[in-house]
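One-based numbering along the sequence shown. The analysis underlying the following values was restricted to heavy atoms, covering all of them including side chains, and did not include hydrogens, waters or symmetry mates.
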Amino acid sequence: GRDRVGGGVTIELGSAASGPVAASVRSVTRALRILATFDDEHAVLSLPELLDRSGLPKTTAHRLIQTLLRNGFLFRRGDDRYCLGSALLRLSRAVEVAWRLPLAADAAMESLCARSQETVNLYLLEGLARVCVAQKQGPQNVRYVIPVGVRLPLYAGASGKLLLAHQPRDVFQAVLAAAGRSDEFGESLAADLEKIRRRGYATSWDERERGASSVAAGIEDRNGRTIAALAVSGPTSRFTPDRVEAFAGLLEEASAAMADALAGSPDGLGSGLPAGADDSRP
């Protein structure tokens with residue numbers, strides 16, 4: 001099963017297996033659950049807040065908090081509130097290196113943001129979901145923004161459908177099963193994915209969240225496999241048919257530039273992008 005903690009972080013819970021191994025996995029999962037209670041809006045928490053947001057039994061949470069404190073993954077401040085510990089500073093630098101965009105790819109996103117005047121997001125496939133790994137916020141006062149690192153579904157939203165359209169049928173079926181969607185929904189989605197493959201980009205209006213719309217195009221590797229989705233997102237009121245058509249053209253140019261930049265990157269995000277499957281599609 002899964003449990004969602006604050007900040008859009010989803011923690012995978014342990015299986016039904018028993019014994020020392022299962023107990024160890026469960027302890028690790030619970031410790032990660034405590035760390036996942038922190039986010040941009042909850043960077044510092046009191047002990048009651050930490051216990052409440054973790055959703056764990058108090059005795060278990062207290063034990064794990066002490067372990068995390070001893071190992072530097074949590075820090076108790078002078079006011080007796082808690083924040084993430086200094087051990088994560090070293091890890092955060094490693095994350096920054098591993099997930100950074102090549103300069104040319106970053107410039108392509110900046111240019112797309114300036115030309116579209118909307119928020120631009122880069123998504124990668126992660127299991128049966130998609131995760132936003134980079135973002136350029138649109139310049140307008142009213143804009144649509146999601147936190148970087150948040151996992152979102154594949155069955156809704158332009159970038160999710162774009163990525164799903166280029167996955168094997170077993171992934172398509174697993175996504176539907178995990179979401180508990182009906183056969184009728186699956187048939188409609190399969191038809192939508194076929195349309196996306198034909199025209200080369202995906203659209204969504206109010207699918208995942210009312211009032212938010214997006215257009216997405218795929219980024220391909222040197223073998224022509226879709227490895228990421230680049231999306232322009234904003235308020236539905238601004239995503240009129242003529243603007244959507246214009247966004248699609250801008251995305252085509254930007255995704256080609258991103259593909260070139262990522263393919264030529266010797267390190268960082270470019271060299272680690274996953275290869276998408278391209279057979280037995282729904």
Side-chain angles (χ1 to χ4, degrees), residues 1-101 106 109 119 121-137 143-153 178 208-209 267-269 272 274:
R2 294 184 176 184
D3 191 32
R4 183 170 293 279
V5 187
V9 177
T10 300
I11 297 296
E12 297 284 351
L13 300 179
S15 66
S18 59
V21 173
S24 297
V25 171
R26 187 162 53 249
S27 294
V28 171
T29 301
R30 287 175 168 177
L32 293 173
R33 189 165 165 174
I34 289 174
L35 296 179
T37 60
F38 295 92
D39 56 33
D40 290 350
E41 297 180 359
H42 305 88
V44 181
L45 297 170
S46 66
L47 181 58
E49 290 171 334
L50 185 54
L51 295 174
D52 181 64
R53 285 173 59 81
S54 74
L56 295 171
K58 288 187 177 181
T59 53
T60 299
H62 277 291
R63 174 172 53 82
L64 291 172
I65 287 170
Q66 291 305 311
T67 300
L68 292 168
L69 284 169
R70 285 196 299 271
N71 288 277
F73 290 94
L74 282 182
F75 179 77
R76 186 166 60 196
R77 304 176 358 148
D79 58 4
D80 284 335
R81 293 193 298 165
Y82 293 80
C83 64
L84 294 175
S86 59
L88 291 171
L89 292 173
R90 178 176 58 83
L91 296 181
S92 69
R93 287 194 289 271
V95 169
E96 183 180 356
V97 170
W99 288 89
R100 68 187 175 194
L101 285 176
D106 188 77
M109 289 187 67
T119 296
N121 294 306
L122 177 66
Y123 292 91
L124 296 184
L125 188 72
E126 188 174 277
L128 299 180
R130 55 184 163 113
V131 60
C132 178
V133 298
Q135 180 182 90
K136 301 295 180 183
Q137 292 191 20
R143 55 184 180 263
Y144 179 63
V145 176
I146 64 166
V148 173
V150 165
R151 288 164 56 94
L152 297 172
R208 197 184 61 80
E209 188 172 329
D267 59 6
L269 180 61

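Side-chain contact check for Val133 versus Leu101: every heavy-atom pair is 4.5 Å or farther apart. Side chains of Thr37 and Ser54 form a contact here, defined as non-hydrogen atoms less than 4.5 Å apart. Under the 4.5 Å side-chain criterion, counting only non-hydrogen atoms from C-beta, Leu74 is not in contact with Thr67. Taking the side chain as every heavy atom from C-beta outward, Thr29 and Leu32 never approach each other to under 4.5 Å. Residues Phe73 and Ile65 fail the side-chain proximity criterion, which asks for heavy atoms closer than 4.5 Å.
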Check the pair Val131, Leu152 against side-chain contact (heavy atoms from CB on, under 4.5 Å), reporting the backbone distance first and the verdict last.
CA-CA 6 Å; Val131 60; Leu152 297 172; over 6 Å; no

side-chain contact (heavy atoms from CB on, under 4.5 Å) between Val44 and Phe38, worked out:
CA-CA 7 Å; Val44 181; Phe38 295 92; 6.0 Å; no

As a quick check of understanding, evaluate side-chain contact (heavy atoms from CB on, under 4.5 Å) for Leu50 and Ile34, giving each step before the final call.
CA-CA 7 Å; Leu50 185 54; Ile34 289 174; 4.1 Å; yes

Give the C-alpha distance, both sets of side-chain angles, the deciding distance and a yes or no for side-chain contact (heavy atoms from CB on, under 4.5 Å) between His62 and Leu47.
CA-CA 9 Å; His62 277 291; Leu47 181 58; 3.6 Å; yes

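Between Leu51 atom CG and Tyr82 atom OH the span is 8.5 Å, to the nearest 0.5 Å. Leu56 contributes atom CG, which lies 7.0 Å from atom CG of Leu64 (distance to the nearest 0.5 angstrom). From Leu84, atom CG reaches atom CG of Leu89 across 9.5 Å, with rounding to the nearest 0.5 Å. With values rounded to the nearest 0.5 angstrom, Arg30 atom CZ is found 15.0 Å from Leu35 atom CG. For the atom pair CZ (Arg33) and CZ (Arg26), the distance works out to 12.0 Å, reported to the nearest 0.5 Å. Here CG of Leu45 is found 6.0 Å from CZ of Arg53. Values are rounded to the nearest 0.5 Å.
Nearest heavy atom pair, residue Ala134 against residue Val148, reads N-CG1, 4.2 Å. The two residues Leu68 and Ala31 have their closest heavy-atom pair at CD1-O, 4.0 Å.
Under a 3.5 Å cut-off, the side chain of Thr119 and the backbone N or O of Tyr144 do form a donor-acceptor pair. The backbone N or O of Arg63 sits nowhere less than 3.5 Å from a side-chain atom of Gln66 that would complete a donor-acceptor pair.
Applying the side-chain hydrogen bond (donor to acceptor under 3.5 Å, both in side chains) test to pairs two or more places apart or on separate chains, those with a residue in residues 122-137 are Asp106-Lys136, Glu110-Lys136, Asn121-Gln135, Glu126-Arg151, Arg130-Ser159, Gln137-Arg143.
The residues Lys58 and Asp52 are annotated as not salt-bridged, no charged nitrogen and carboxylate oxygen being separated by less than 4.0 angstrom.
For Asp79, the side-chain hydrogen bond (donor to acceptor under 3.5 Å, both in side chains) partners at least two apart in sequence or on another chain are Arg77, Arg81.
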